[in-house]
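Presented below is the structure to which this report refers.
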There are 2 protein chains.
Amino acid sequence: MVQYSKKIQAVPEPTIRRMPSYLAFAEGLLRKGQQFVSSTQIANYMNIDPTQVTKDLSYTTIVGKTRVGYEVKAIVDVLSEFLGFSVMDNAFLVGAGSLGSALLHDSGLNHFGLKIEAAFDINPSTIGRKINDVEVFHIDQFRDLAQELNVIMGIITVPAENAQTVADLMVAWGIKAIWNFTPARIKVPDDIIVQNTTLYSNLAIIFNKLHQDKREE
Amino acid sequence: MVQYSKKIQAVPEPTIRRMPSYLAFAEGLLRKGQQFVSSTQIANYMNIDPTQVTKDLSYTTIVGKTRVGYEVKAIVDVLSEFLGFSVMDNAFLVGAGSLGSALLHDSGLNHFGLKIEAAFDINPSTIGRKINDVEVFHIDQFRDLAQELNVIMGIITVPAENAQTVADLMVAWGIKAIWNFTPARIKVPDDIIVQNTTLYSNLAIIFNKLHQDKREE
DNA sequence: AATCAATAAAGAAATTTTTCTTTAATAAAA
DNA sequence: TTTTATTAAAGAAAAATTTCTTTATTGATT
């Protein structure tokens with residue numbers, strides 16, 4: 001009887017997951033000067049069924065032309081807009097270790113609408129330093145800076161055992177969404193959006209397929 | 001009529017994806033000395049339905065006891081084994097930039113059965129250096145080293161535009177699985193396992209939920 | 001100009017995944 | 001000792017997602 005996740009979701013999550021790849025592909029074609037692209041081409045690139053592509057794109061305002069395909073520029077424009085990549089959202093990152101640094105260096109996040117305004121840590125040797133032009137502050141300065149900047153997302157890249165503490169802090173100063181890179185699951189109020197991104201799930205999938213192959217041999 | 005992905009898969013992929021979290025949770029309980037855990041507890045931690053947990057665990061040899069739950073130690077042992085985390089597989093990493101470094105620093109990969117034996121790059125300033133005890137070689141030394149070491153997985157952390165080149169190289173010296181961290185989709189023979197891990201899909205999901213919230217207000 | 005082939009789109013069907021329901025077991029409480 | 005409440009397990013039902021089928025359109029070919 002209890003609802004574990006409110007799914008008043010018009011667009012299926014698998015669709016949302018595929019869309020950034022469509023976008024990246026279309027951006028590449030645009031650079032190469034290709035004007036139109038068919039669902040077959042996209043599907044071939046993605047290794048999926050062509051009707052999947054048309055279904056996915058049908059959730060947007062993009063319309064294709066029979067015998068021609070979709071306008072590449074339209075895909076780029078509409079999809080960026082649709083995915084929320086064309087407005088810049090501000091984020092704070094907590095945990096300026098190796099993974100945190102990697103995210104700070106990733107220009108793709110900027111390109112896709114996420115600006116990391118500041119980073120936080122408790123390690124004195126990193127505090128005060130700049131990583132790819134983003135300053136690292138002590139975690140205690142968190143609250144004050146959050147007031148100044150319009151930050152809606154918190155990124156957690158601390159060790160798993162500190163994830164909940166950081167999450168609580170983020171919730172306390174009114175963050176709307178949390179991107180959790182630790183394997184730990186965090187408890188937050190219902191209205192806070194949490195996205196868990198854990199590498200080990202991907203590793204498990206690879207191993208599963210590898211062993212499946214072994215079984216078949 | 002064409003098969004886009006052979007799914008002779010007994011265990012659903014969503015299940016495989018959740019399992020590493022069950023494992024991590026159980027490991028935590030084990031450290032705390034808890035002997036049994038119920039599906040309700042696990043479900044509560046994961047924010048999912050309890051029957052989902054029992055279904056997932058039913059794919060393994062783990063059996064629970066009514067009114068008691070599952071033995072924590074059994075979950076840890078069986079799940080590690082089941083997910084392929086208890087045998088060490090060797091990997092090469094190509095692209096020792098910030099993301100590559102982050103992976104090299106991640107002890108979790110070691111813990112979950114993946115040993116990165118060597119890293120490769122073309123940047124002269126990183127070649128010869130050691131990142132967390134893993135040596136960085138020039139990409140040309142790839143083939144020779146692959147002969148020596150029993151490496152079955154290749155990890156791609158180069159810029160997207162070089163992904164295909166690296167993938168081709170990996171296929172050429174007989175890698176079985178490729179873990180692709182670039183947004184680019186790579187073309188490889190059917191028998192090679194490819195796992196794409198792209199951050200931007202997660203970003204898209206967060207943005208989608210954020211905007212959905214806005215729509216509801 | 002007529003035919004052919006490639007394509008988008010819409011809807012139906014199939015498949016997969018999740019959630020619900022029932023049953024049986026058993027620890028804890030009365 | 002009996003009752004109650006909690007739990008795993010199995011199967012049914014529901015929901016979500018993917019794939020298949022049909023139709024209509026239109027550029028390219030003959």
Side-chain angles (χ1 to χ4, degrees), chain A residues 1-19 21-22 26 34-72 74-75 78-79 201 205 208 212, chain B residues 1-19 21-22 26 29 34-72 74-75 78-79 201 205 208-209 212:
Chain A
M1 207 55 71
V2 185
Q3 264 189 298
Y4 295 95
S5 61
K6 37 177 175 179
K7 281 197 178 175
I8 326 147
Q9 192 177 32
V11 186
E13 194 167 299
T15 296
I16 302 281
R17 258 193 242 124
R18 284 185 292 267
M19 282 178 167
S21 301
Y22 299 162
Q34 188 173 324
Q35 209 181 346
F36 290 94
V37 62
S38 71
S39 61
T40 316
Q41 277 181 281
I42 299 175
N44 188 43
Y45 171 75
M46 297 279 294
N47 256 284
I48 56 174
D49 192 290
T51 53
Q52 183 80 82
V53 177
T54 52
K55 267 276 149 68
D56 287 345
L57 291 180
S58 76
Y59 290 105
T60 72
T61 56
I62 300 167
V63 281
K65 266 165 87 178
T66 299
R67 255 321 289 243
V68 176
Y70 302 94
E71 205 188 337
V72 174
I75 294 184
V78 174
L79 235 41
S201 293
I205 294 171
N208 181 250
Q212 201 165 69
Chain B
M1 206 54 71
V2 185
Q3 263 188 297
Y4 295 95
S5 60
K6 39 176 175 181
K7 282 199 177 173
I8 325 147
Q9 192 177 32
V11 186
E13 195 167 298
T15 296
I16 302 281
R17 257 193 244 127
R18 283 184 293 265
M19 282 178 167
S21 302
Y22 300 161
L29 296 178
Q34 188 174 324
Q35 210 180 345
F36 289 94
V37 63
S38 71
S39 61
T40 316
Q41 277 181 282
I42 300 175
N44 187 44
Y45 171 75
M46 297 279 295
N47 256 284
I48 56 173
D49 191 291
T51 54
Q52 183 79 82
V53 176
T54 52
K55 267 277 148 69
D56 285 345
L57 292 180
S58 75
Y59 290 106
T60 71
T61 57
I62 300 167
V63 280
K65 268 164 87 176
T66 299
R67 227 17 250 248
V68 175
Y70 301 94
E71 205 188 338
V72 174
I75 293 184
V78 174
L79 234 41
S201 293
I205 294 171
N208 181 250
K209 287 182 187 162
Q212 200 165 69

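Here is the naming used below: chain letters follow the sequence lines, and residue numbers restart at 1 for every chain.
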Between [N] ([atom2]) and [X] ([atom1]): distance, integer Å:
X     : N      : atom1 : atom2 : result
B:E13 : D:dA16 : CD    : C1'   : 16 Å
B:Q52 : D:dA16 : CD    : C1'   : 13 Å
A:D49 : C:dT16 : CG    : P     : 14 Å
B:D56 : C:dT19 : CG    : C1'   : 13 Å
B:F36 : C:dT26 : CZ    : C1'   : 13 Å
A:K55 : C:dT15 : NZ    : P     : 16 Å
A:L57 : C:dA10 : CG    : C1'   : 15 Å
A:R18 : D:dT19 : CZ    : C1'   : 12 Å

* Asked: Is there a side-chain contact between A:T15 and A:M19, using heavy atoms and a 4.5 Å cut-off?
  ->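 A:T15 reaches A:M19 side chain to side chain.
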
* Side chain to side chain, B:R18 and B:Q52, heavy atoms closer than 4.5 Å ->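 Contact flag for B:R18/B:Q52 side chains = yes.
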
* How do B:T51 and B:T40 order along DNA chain D: which one's closest nucleotide is nearer the 5' end? ->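 Result: B:T40.
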
* To do: Could you pull out all residues at least two apart from B:Y22 that satisfy side-chain hydrogen bond (donor to acceptor under 3.5 Å, both in side chains)?
  =>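 B:Y22: side-chain hydrogen bond (donor to acceptor under 3.5 Å, both in side chains) contacts with B:D56.
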
* Please tell me which of the listed nucleotides, C:dA8, D:dT19, D:dT17, lies nearest to the side chain of A:S38? =>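 Selected nucleotide: C:dA8.
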
* Asked: Looking at the side chain of B:S39, which of C:dA8, C:dA10, D:dA8 is the nearest nucleotide?
  ->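 For B:S39, the side-chain atoms sit closest to D:dA8.
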
* To do: Give me the residues of residues 59-68 of chain B where at least one heavy atom lies under 4.0 Å from an atom of DNA chain D, by number, or none.
  =>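 Going residue by residue through residues 59-68 of chain B, the ones with a heavy atom under 4.0 Å of DNA chain D turn out to be B:V63, B:G64, B:K65, B:T66, B:R67.
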
* Of the non-hydrogen atoms in B:R17 and A:S201, which two are nearest, and what is the gap between them? ->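 Smallest heavy-atom distance, with atoms named: O-OG, 2.9 Å.
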
* Asked: How far apart are the closest heavy atoms of A:I75 and A:I62, and which atoms are they?
  ->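 Residues A:I75 and A:I62, closest heavy atoms: CA-CD1, 3.8 Å.
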
